[in-house]
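The structure appears below as C-alpha cells.
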Amino acid sequence: MSKIGLTLSGGGVRGFFHSGFLHALNEKKINIDIISGTSAGAIAGALFSAGVNQHEVMERFPKRIRSLFYEPSLLIRTKFNPTSILRQYMDEFLGGLTIEQLAIPIKINAVNIATGDTEIFQTGDVVEAVMASCAIPGVFNSFHSNGNIYVDGGLTMNLPASTIRYDCDILIGVNLLPFKERSYEKLPGKRHLIQRSVDIYHKHNNKSDEALCDVVISPKKLSRYPTYNTTNKAKLFDLGYEVGHKINFRKILKESR
C-alpha cells in the first residue's frame with residue numbers, strides 16, 4: 001500500500017484552510033502516514049497528528065486575537081501578547097506531549113537565527129517545536145531553546161516538501177500563498193510594497209518544493225484573505241473543507257501505483 005505524505009505551508013491565519021482541508025481528509029478516510037509543516041502548517045499538522053477535532057481547532061482559537069499585529073504598547077501586556085495567547089492555545093491541546101507520542105509522525109522546521117540554517121524537529125516537546133516554527137519576526141517573539149534562538153521556518157522553507165519526500169510514495173502539498181499577478185501604474189505605498197516583496201520571495205522560495213509534490217493544492221481564492229486577520233477563520237475553514245472534498249484522492253492513489 002502506498003504511503004501518503006502531507007506537507008503544509010505557512011501562511012498566517014490562512015492556516016484555518018489547513019484545518020478545513022484536514023477535516024475533509026478525515027471524512028473521506030484518507031490515511032496520512034507522515035506530515036511536515038512550517039509555521040501555520042506546523043500548528044495544523046501537529047494538532048491533526050494528535051487527533052484533535054478540526055472544528056475545535058477553529059472554534060477555540062482565541063477571540064482576543066483579531067489581528068496578529070498590535071501596537072507596541074500592548075505587546076508588554078501578557079493577555080494581549082500574541083505569543084502568550086498562542087502558547088496557551090497550543091498547550092490546551094498538546095501540552096505535555098512529545099512529537100514521538102503523536103499518532104502520525106511529523107517533521108517541523110524552524111530557522112536557527114545564529115547559523116541561518118533550517119533545523120528539523122522530529123523529537124521532543126511538540127508545543128516548543130511549533131512555537132519555534134511560527135515565531136514570525138515582528139509578530140511573535142523569537143523562541144529560545146538550549147541556548148539557540150529560533151524564528152519562523154518559512155524564512156528558508158515555507159513548504160517543507162523536501163523533509164519528507166523520501167519518507168512517502170505520494171506527497172500532497174498545501175500551499176497557502178498562491179501568487180497573484182497584479183497591474184501597477186506606479187510604485188505602491190511602503191506597506192504594500194513590503195508585502196508584495198514577501199509574496200514574490202515566497203513565489204520563488206516555494207518552487208523547488210512544489211516540484212517535489214505529486215499534488216499541490218493552492219487555490220487562488222486564498223489570495224482574498226489577509227494573512228493576519230483572524231475574522232475570516234470560518235470562511236477559510238469552509239474553503240479548505242470544500243477543496244478537500246472536491247479532490248479525487250482515490251484516483252490519485254490509483255494513478256500512482
Walk me through it: do Ile172 and Asp214 pass the test side chain to side chain contact (heavy atoms under 4.5 Å, CB included)?
CA-CA 6 Å; Ile172 301 167; Asp214 297 292; over 6 Å; no
Is there a side chain to side chain contact (heavy atoms under 4.5 Å, CB included) between Leu236 and Met58 once you walk through the steps?
CA-CA 10 Å; Leu236 285 159; Met58 177 189 66; over 6 Å; no
For Arg165 and Asp209, what are the C-alpha separation, side-chain angles and deciding distance, and is it a salt bridge (charged side-chain N to carboxylate O under 4.0 Å, His left out)?
CA-CA 9 Å; Arg165 173 64 274 188; Asp209 280 294; over 6 Å; no
Ile104 vs Asn31, side chain to side chain contact (heavy atoms under 4.5 Å, CB included): CA-CA, chis, key distance, verdict:
CA-CA 10 Å; Ile104 304 171; Asn31 295 318; over 6 Å; no
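Side-chain contact check for Thr38 and Asn158: no donor-acceptor pair (N or O, by modelled atom type) lies under 3.5 Å. Residues Ser133 and Ser39 have side chains that never bring a donor and an acceptor to within less than 3.5 angstrom of each other.
Under the 30°/60° scheme for interplanar angles, the aromatic rings of Phe121 and Tyr150 are found to stand perpendicular. A perpendicular orientation is assigned to the rings of His245 and Tyr241, their planes being inclined by more than 60° (bins at 30° and 60°). Ring geometry for Tyr89 versus Phe61: interplanar angle over 60°, hence perpendicular rather than tilted (30 to 60°).
Counted within 6.0 Å of NZ on Lys28, heavy atoms from surrounding residues, nucleotides or ligands total more than 12; the atom is thus considered enclosed.
Side chain of Arg14 to backbone of Leu222: a donor-acceptor contact under 3.5 angstrom is found. Checking side-chain atoms of Lys107 against main-chain N and O of Ile120 turns up no donor-acceptor pair under 3.5 Å. Counting only distance, with no hydrogens or angles, the side chain of Glu100 and the backbone of Gly124 share a donor-acceptor pair below 3.5 Å. Between the side chain of Gln101 and the main chain of Thr98, a donor-acceptor pair closer than 3.5 Å is present. Side-chain atoms of Asp169 come within 3.5 Å of backbone N or O of Lys3 as a donor-acceptor pair. A donor-acceptor pair under 3.5 Å is absent between the side-chain atoms of Asn175 and the main chain of Ser218, judged by distance alone.
For the atom pair Ile35 CD1 and Leu22 CG, the distance stands at 6.5 Å (nearest 0.5 Å). In this structure, the separation between CE on Met157 and OG1 on Thr118 is 4.5 Å, given to the nearest 0.5 Å. Here CZ of Phe16 is found 8.0 Å from CD1 of Ile43. Values are rounded to the nearest 0.5 Å. Atom CG of residue Leu25 and atom CG of residue Leu6 lie 6.5 Å apart, to the nearest 0.5 angstrom. In this structure, the separation between OG1 on Thr227 and CG on Leu177 is 7.5 Å, given to the nearest 0.5 Å. The NE2 atom of His23 sits 3.5 Å away from atom NE2 of His55, with the distance rounded to the nearest 0.5 Å.
Contact detail for Ala46 and Val130: the closest heavy-atom pair is CB-CG2, 3.9 Å. Nearest heavy atoms, Leu159 versus Leu8: CD1-C, 4.4 Å. Heavy-atom minimum distance, Val57 versus Ser19: CG1-OG, 3.5 Å. Minimum heavy-atom separation, Pro226 to Asn232: CD-ND2, 3.7 Å. What you find for Val126 and Leu102 is that their closest heavy atoms are CG2-CD1, 3.9 Å. Pairing each heavy atom of Leu86 with each of Cys134, the nearest pair is CD2-SG, 3.6 Å.
Taking the six-membered ring for Trp, Phe48 and His18 have ring centres at least 6.0 Å apart. Taking the six-membered ring for Trp and the full ring otherwise, Tyr225 and Phe17 have centroids separated by 6.0 Å or more.
Hydrophobic clustering (side-chain heavy atoms under 4.5 Å, transitive across Ile, Leu, Val, Met, Phe, Trp, Tyr) groups Phe21 together with Val215.
For the pair Glu128 and Arg87, the minimum side-chain heavy-atom distance is below 4.5 Å. Within the 4.5 Å cutoff, the side chain of Ile149 has no heavy atoms near those of the Asn112 side chain. Using a 4.5 Å cut-off on side-chain heavy atoms (C-beta onward), Ile106 and Ile99 make contact.
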